[in-house]
Amino acid sequence: MTAICGSVAVSAEAQLVYPAAPADGTSYQVNGVTVNDPYRPLENDTAAATLQWVEAENVLTRAYLDQVPYREAIRSRLTALNNYRKCSMPHRDNDGRYYFYDNDGLRNQAVLFCMDSIGAEPRVFLDPNTLSDDGTVALTGVYLSGDGRYTAYTVSRSGSDWCEIFVMETSTGRLLTDHIEWAKFTGAAWAGDGFYYSAYDRPEPGKEFSMANEYHRVYFHRLGTSQADDVVVFEDRNEPLHFHSVEVSDDESTMFIYGAGEGHGNSLWVRDLRRADGEFVLVESSQDYDIQPIDVVDGYIYFYTSVDAKRYRVVKAPVDAPQRANWVEVVPEQASVLVSVQFAGDKLILVYAQDAAHHAYIYTTDGQQVREIRFPTYGSTGFSCSRKQPEVFYAFTSFTYPTSIYRYDMASGESTLYRQAAIEGFNPEDYVTEQVFFTSYDGTRVPMFVVRRADLKADGTNPTYMYGYGGFNVPLYPNFSANRLYWLEQGGIFVYTNLRGGAEYGDDWHEAGTKMHKLNVFNDFICAAEHMIAQGWTTKDLLVCEGGSNGGLLVGAVVNMRPDLYRVAIPRVGVMDMMRYHLFTIGWNWAHDYGTANDSPEMAAYLHDYSPIHNVRNDGTLYPSILVTTADHDDRVVPAHSFKYAATLQASNIGDRPHLIRIDSKAGHGAGKPISKVIDEWVDIYSFIFANLSLTPAN
């Protein structure tokens, strides 16, 4: 199929009458920088004026998108592409049974199944689709007790980061009376007759999704008791903005407390649970390094860490003396970045990233490499294995290959296909993925993946969709998306950029995209677009840029820097107000990547100079068509960012192209979103893109 150029019924540049946003003309000073913030009232997302504006914006956006003549054809194909079986790897848990998630097609949420052995008849264990009528309650974690008798599970509602913990009897599914509320960024770490978890105080009514969260504590809950009786196990009264999470080793001998929120890594305390008087031993006080316990084996803690290794290594230390002075190196730092480490019986499986694609190796516990696990192409992987269980499964996925699950024989090194996803009417052999390296503005060599139909030519006629993130040490590895296939089928090119700020090449790559180096990220993305044009693949009139969260900031920034470069921009749940982001929910946690306006006059000026809201032009410069997306329950990047950004765009003199905002209801930052809502959103995004590229998609 080929996307056909031509006129469409909807006029992409028709004059739109935008709702008047509530404004109060706020202006303030911070570190010598004058900041105009006229749409400050939109920060109050429950105010009547804000709610009226939201309703009016949604009416306008719906009227625009609903008149796109081919949107139902887009919906039909997206529904078909998503209607395939999606299964996770089997995992053998503490009760000896195997657990896996399965979505047989278009269920809003995947169902958790269990089976007594591999190949046995699966039984439904937990079905989150029964927890709500519209699929907006998501199952976010499942944790079996050490003896397998009980199962704690976490759920989130409407995409919020807040979660609740419930407990049931594993063998019968009978729900117990135990119920934890206002937990956040937590699992359930079992030890004896209860579990540890992390939570905040109950928020003020009406401010559940906007107020800053402070004093993240670790509690112990004993089965059969009330949450009010739970005991605070760990807190730091000197650091109200730090996260504190907890893990317990598989043998329940050792507790680990992680601190985060200030640096790029984590602080770490270790406690020996075999001793009733066991004290917390401080391993690392700063958050400058990643120090992640892998497991406890024969009295030693194995760590995955960036200490003295910006591309990470494996070390071990005695449980009773885990301080860095006692570390022994097991696997030294390599040229590639070590991504993950897991025990598989008495061996270790190490996954490395080489030029943003995964490679996996078997090692002995004394650091000797046994062999490589070979993969078919550029891709990413994950393993299901443990020290206690003999089975090893791994999942492999790439841009045009839905997740395939393999069973791996540790003795022979053979991989056997266990389960493979298949999408009707889609042939992966019709597409190619190329890794391309381009030169950024300062001479840095930056990789990106270019995915396209094999028959496309570099003749300047190809609509091109560019995605980027570039922050928080988050790598972008090859992955699969059924919704992305629609673009590829239509003859579009998809570009996945590995910008500085991510983890693709270790800590140095990350740090090169933070704080006073943040402009590197934006310039990398701009240079990637210019490279695609220079190579003859596309033109400015066919270029789309998209990103979410920190990637939404990326889109907002580059559109201000180079409004001429893109025809369509899709900033999703973006961080758009760089002067006040740290004042909402967990925004303060991003300061180690961004810096804050309070840090120094230099930092305040730097942030203000690229903050998307504060740099929208107002001089008649023609901007791309822009569709902003956010959601009413996003308590990660509060919707006020997108509200104020959209209001600013609509009030500025930047041409007649549409600048709309799509505000989802009963949805959050993205995690746990039901498939029905995912499809709805992509129908709107593609309708907007095709209409504004003046293209009619093929049926």
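As the structure is a prediction and not an experimental result, all values here were calculated from the model. Starting from 1, each residue takes its place in the sequence as its number.
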### Query
Parallel, tilted or perpendicular: which describes the rings of Tyr465 and Trp487, with under 30° parallel and over 60° perpendicular?
perpendicular
### Query
Does any N or O in the side chain of Ser336 come within less than 3.5 Å of the main-chain N or O of Gln354, such that one atom is a donor and the other an acceptor?
no
### Query
Any sub-3.5 Å donor-acceptor pair from Asn550's side-chain atoms to Tyr469's backbone N or O?
yes
## Note on the structure
Closest non-hydrogen contact found for Leu622 with Gly655 is CD1-CA, 3.9 Å
### Task
If a pair satisfies salt bridge (charged side-chain N to carboxylate O under 4.0 Å, His left out) and one of its residues is in residues 638-648, list it, with sequence neighbours excluded.
Asp37-Lys644, Glu43-Lys644, Asp577-Lys644
### Check: Ser380 main-chain N/O paired with Thr397 side-chain donor or acceptor under 3.5 Å
no
#### Entry: N/O donor-acceptor pair under 3.5 Å between Asn520 side chain and Gly513 backbone
no
### Task
Could you walk me through whether Leu16 and Leu660 pass the side-chain contact (heavy atoms from CB on, under 4.5 Å) test, one step at a time?
CA-CA 9 Å; Leu16 295 170; Leu660 300 171; 3.9 Å; yes
## Note on the structure
Between the NE2 atom in His244 and the CZ atom in Phe185, the distance rounded to the nearest 0.5 Å is 14.0 Å
### Query
Is any side-chain heavy atom of Glu546 closer than 4.5 Å to a side-chain heavy atom of Ile685?
no
### Message
Gln292 and side-chain contact (heavy atoms from CB on, under 4.5 Å): which single residue from Asn266, Leu268, Thr305 fits?
### Response
Asn266
### Check: Tyr378 main-chain N/O paired with Ser398 side-chain donor or acceptor under 3.5 Å
yes
#### Entry: Non-hydrogen side-chain atoms of Asn560 and Tyr610 separated by less than 4.5 Å
no
### Query
Hey, what do you get for OG (Ser625) to OH (Tyr64), rounding to the nearest 0.5 Å?
6.0 Å
### Query
Mind checking what makes ring-ring contact (aromatic ring centres under 6.0 Å, His included) contact with His242, not counting sequence neighbours?
none
### Message
Does Phe437 form a side-chain contact (heavy atoms from CB on, under 4.5 Å) with Asp355? I'd like the steps, not just the answer.
### Response
CA-CA 10 Å; Phe437 291 84; Asp355 289 331; 3.8 Å; yes
### Message
Please report whether the ring centroid of Tyr581 lies less than 6.0 Å from that of His641.
### Response
no
### Query
Looking just at side-chain N and O atoms, do Tyr477 and Asn498 make a donor-acceptor pair shorter than 3.5 Å?
no
### Task
Please confirm whether the backbone N or O of Asn462 pairs with a side-chain atom of Thr464, one donor and one acceptor, at under 3.5 Å?
yes
### Message
Once salt bridge (charged side-chain N to carboxylate O under 4.0 Å, His left out) is applied, what residue pairs with a partner in residues 610-623 remain, sequence neighbours excluded?
### Response
none
### Query
Hey, does the side chain of Asn58 reach the backbone of Ile663 with a donor-acceptor pair shorter than 3.5 angstrom?
yes
### Query
Looking only at side chains, do Asp593 and Thr514 share a donor and an acceptor under 3.5 Å apart?
no
### Query
Are any of the side-chain heavy atoms of Asn31 and Met603 separated by less than 4.5 Å?
no
### Message
Any non-hydrogen side-chain atom of Tyr594 less than 4.5 Å from a side-chain atom of Val575?
### Response
yes
### Inter-residue atom distance Leu499.CG - Leu476.CG, 0.5 Å rounding
7.5 Å
### Task
Using side chain to side chain donor-acceptor pair (under 3.5 Å) as the criterion, point out the one residue from Asp684, Thr630, Thr61 that pairs with Arg662.
Asp684
### Message
Does either side chain, that of Thr596 or that of Asp599, offer a donor lying less than 3.5 Å from an acceptor on the other one?
### Response
yes
### Task
Determine whether Met532 and Val450 make a side-chain contact, defined as any pair of heavy atoms from C-beta on separated by less than 4.5 Å.
yes
Validation: residues 48-56 side-chain donor-acceptor distances under 3.5 Å, sequence neighbours left out:
residue	atom	partner	partner atom	Å
Thr50	OG1	Pro41	O	3.3
Thr50	OG1	Asn44	O	2.9
Trp53	NE1	Glu57	OE2	3.2

### Nearest heavy atoms of Gly468 and Thr497, plus distance in Å
CA-OG1, 3.3 Å
## Note on the structure
When rounded to the nearest 0.5 Å, the distance separating CE of Met561 from CZ of Phe525 is 12.0 Å
### Task
Taking all non-hydrogen atoms of both residues into account, name the closest pair between Val616 and Ser652 and its distance.
CG1-OG, 3.6 Å
### Message
Using only atom types and a distance under 3.5 Å, with no angle test, would you say the side chain of Tyr18 pairs donor to acceptor with the backbone of His659?
### Response
yes
### Message
Before you tell me yes or no, could you show the steps for Phe522 and Val559 under side-chain contact (heavy atoms from CB on, under 4.5 Å), namely the whole-Å CA-CA distance, both residues' side-chain angles and the distance that decides it to 0.1 Å?
### Response
CA-CA 10 Å; Phe522 311 144; Val559 163; over 6 Å; no
### Query
To the nearest 0.5 Å, what is the distance between CG (Asn618) and CD1 (Ile654)?
8.5 Å
### Message
Test of understanding: with ring-ring contact (aromatic ring centres under 6.0 Å, His included), list the residues that count as partners of Phe494, not counting sequence neighbours.
### Response
Tyr496
### Task
Grab the two heavy atoms, one from Trp509 and one from Arg445, that are nearest each other, plus how far apart they are.
CH2-O, 3.6 Å
### Message
Any side-chain to backbone donor/acceptor pair from Arg484 onto Asn479? Under 3.5 Å, distance only.
### Response
yes
### Message
If I compare all heavy atoms of His614 with all of Val35, which pair ends up nearest, and what's the gap?
### Response
NE2-CG1, 3.4 Å
### Task
Is it possible for you to check whether Arg572 lies under 6.0 Å from the centre of the six-membered ring of Trp682, through NZ or CZ, and within 45° of that ring's axis?
yes
### Task
Could you grab the distance from atom NE2 of His264 to atom CZ of Phe472, nearest 0.5 Å is fine?
10.0 Å
### Message
Once you measure the plane-to-plane angle for Phe690 and Tyr686, does it fall in the parallel (<30°), tilted (30-60°) or perpendicular (>60°) bin?
### Response
tilted
### CA sep, side-chain torsions, deciding dist, call: Glu504, Val446, side-chain contact (heavy atoms from CB on, under 4.5 Å)
CA-CA 10 Å; Glu504 287 85 350; Val446 182; over 6 Å; no
### Beyond-backbone contact of Thr629 with Asp664, side-chain heavy atoms, under 4.5 angstrom
no
### Single hit among Asp288, Asp508, Asp507 for salt bridge (Lys or Arg N to Asp or Glu O under 4.0 Å) with Lys310
Asp508
### Task
Among residues two or more places apart or on two chains, list those pairs meeting salt bridge (charged side-chain N to carboxylate O under 4.0 Å, His left out) that have a residue in residues 512-529.
Arg500-Asp524
### Task
Could you go through the side chain to side chain donor-acceptor pair (under 3.5 Å) check for Asp442 and Thr444 one step at a time?
CA-CA 6 Å; Asp442 60 354; Thr444 300; 3.0 Å; yes
### Residue pair Glu284 / Ser267, side-chain donor-acceptor N/O under 3.5 Å
no
### Query
Which word best sums up how the rings of Phe243 and His216 line up, parallel for under 30°, tilted for 30 to 60°, or perpendicular for over 60°?
perpendicular
### Query
Which atoms form the tightest heavy-atom contact between Ile661 and Ser642, and what is the distance?
CD1-O, 3.6 Å
### Task
Report the relative orientation of the aromatic rings in Tyr304 and Tyr312; use parallel for angles under 30°, tilted for 30 to 60°, perpendicular for over 60°.
parallel
### Task
State, yes or no, whether a side-chain contact exists between Leu649 and Ile626 at a heavy-atom distance under 4.5 Å.
yes
